[in-house]
Amino acid sequence: MKQTIVTLDQVKEIENTFPTPFHIYDEAAIRENARALNEAFSWNKGYREYFAIKATPNPYILKILQEEGCGVDCSSLTELMLSEALGFQKDDIMFSSNVTPVEEYKKASELGAYINLDDYTHIDFLANTAGIPETICCRYNPGGVFELGTDIMDNPGDAKYGFTKEQLIDGYQKLMKLGAKNFGIHAFIASNTVTNEYYPTLAGILFELAVELKEKTGANIRFINLSGGIGIPYTPDKEPNDIKVIGEGVRKKFEEILVPAGLGDVAIFTELGRFMLGPYGQLVTKCIHQKHIYKEYIGVNTCACDLMRPAMYGAYHHITVLGKEDQPCDHKYDITGSLCENNDKFAVDRMLPKIDTGDYLVIHDTGAHGYSMGYNYNGKLKSKELLLKTDGSVQLIRREETPKDYFATFDFSDILKDMKY
Ligand SMILES: *Cc1c(COP(=O)(O)O)cnc(C)c1O
């Protein structure tokens, strides 16, 4: 059974200070998971996790991961600014962007971040703008479909990212001529994989590529970035990944491929987002309406603006009705938000205990790509974020949006000067 971060009594208590809806994160679980990851890769001397900021761009969360030894993976100017403000610098920062504007390369370069080029044409683009740094990374796209056994995991041939192999070989040589001395390789070819085989398989592909690149170009390869893609079990029937088994699987490939090729000092980097935070955040909401037409609807006090994945991908997020954990799931409901969009449903035809108005619902696994994907359609304002700290106290780590925030982009003009907030 999926556990909630807070109980019914705790939510009632929290509501005295911080009314629902809110995302709440579990500090102890975040730390424990980060430690297990670092332990699983401790066999590699240069190992480092660069947390993908886009998953959960909250400075309090980033601080926790920083304390656990993680760096950050950025892909935009604001993510770079956030990292800088928190004291991440130089090799604490991986800049894995695409379709990158000049000012973002300039900022990454100013911070001394690792720049991970997404395309061959960006070599000249970077050379002519921020300049080619001494250490540079290139993103690989193997094309075709990516299979594990008989399962098609993803479709890199249809993805906009990365260099082809020929471009990589050519690109490394070109970068060396332009002054680059040390190289990294990166690839992200399947998302939310719930199998211990993904990382070892990807590692095998990238390690062989590293050997080939070294032979063909003479480049000094310093790190291999396995990027994101380790998933989490959104549905209760799935087995979670075992990070120890994954780390061991990568180690085997390392010993098999890199060590004999004289590349035994290459550092392994990861850029995980979902795996680091997904299960450790939940969206807590309240039933405010019930509607009985052709189906039974439960209306809650949040909407897709706080969690877009169900509306955007039809993604499953488990739901617990607080205080009714032991009651039979004998009612079929659509759980809906308040947008004027029929896809604003956190669950469709979900079997749950009988829900009464005022009941609290916990939507699970919102810790990554949850709050951060939110938007303001229908003029809806995004919820607050709370942190359940290791000492059991609850801290506000982002306030909810206010109408003033929503109208702030008109502050250059006096057209709304008479607005009362
Ligand atoms: C989104 C992203 C990640 C993190 O992906 P997860 O699936 O959350 O692990 C890592 N690297 C890059 C370049 C990304 O775009």
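Every number for a ligand or one of its atoms is a count from 1 in the order of the listing. Both backbone and side-chain heavy atoms feed into the values below; hydrogens, waters and symmetry mates do not. For reference, positions follow the sequence shown, starting with 1.
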Heavy-atom contacts with R139 under 4.0 Å: which atoms of ligand 1 show up? List them by number with element.
-> 13 (C)
Which atoms of ligand 1 are found less than 4.0 Å from any heavy atom of S96?
-> 13 (C)
Selected option - heavy-atom contact closest to atom 7 (O) of ligand 1, from G273, G278, G229, S97 = G229
Does A52 approach ligand 1 within less than 4.0 angstrom via side chain, backbone, both or neither, non-hydrogen atoms only?
-> side chain
S227 touching ligand 1 at heavy-atom level, < 4.0 angstrom | yes
Verdict with reasoning, F223 to F183, per ring pair (Phe, Tyr, Trp, His ring centres under 6.0 Å) = CA-CA 7 Å; F223 63 85; F183 288 82; 9.7 Å; no
In ligand 1, the atoms that come under 4.0 Å of a heavy atom of R274 are 6 (P), 7 (O), 8 (O), 9 (O)
Just jot down the side-chain contact (heavy atoms from CB on, under 4.5 Å) partners of K177, sequence neighbours excluded, or say none.
-> none
Answer yes when D119 and R139 have at least one side-chain N-carboxylate O distance shorter than 4.0 Å, and no when they do not.
-> no
May I ask which of K54, E271, H186 has a heavy atom nearer to atom 14 (C) of ligand 1 than the others do?
-> K54
Could you tell me which residues satisfy side chain to side chain donor-acceptor pair (under 3.5 Å) with D242, sequence neighbours excluded, listed by chain and number?
-> none
K107 and E103 ion-paired at < 4.0 Å = no
Test item: Q282 side-chain N/O and I24 main-chain N/O as donor-acceptor pair under 3.5 Å | no
May I ask whether F188 has any heavy atom positioned less than 4.0 angstrom from an atom of ligand 1?
-> yes
Answer yes when E68 and R31 have at least one side-chain N-carboxylate O distance shorter than 4.0 Å, and no when they do not.
-> yes
Side-chain ion pair, K380 and D306, N-O less than 4.0 Å | no
Just which atoms of ligand 1 are under 4.0 Å from any heavy atom in L272?
-> 9 (O)
Which ligand 1 atoms, with their elements, are less than 4.0 angstrom from a heavy-atom of H369?
-> 6 (P), 8 (O)
Looking at ligand 1, does any of its N/O atoms fall within less than 3.5 Å of an N/O of I230?
-> no
Numbered in order shown, the ligand 1 atoms found under 4.0 Å of a heavy atom of D73 are 10 (C), 11 (N), 12 (C)
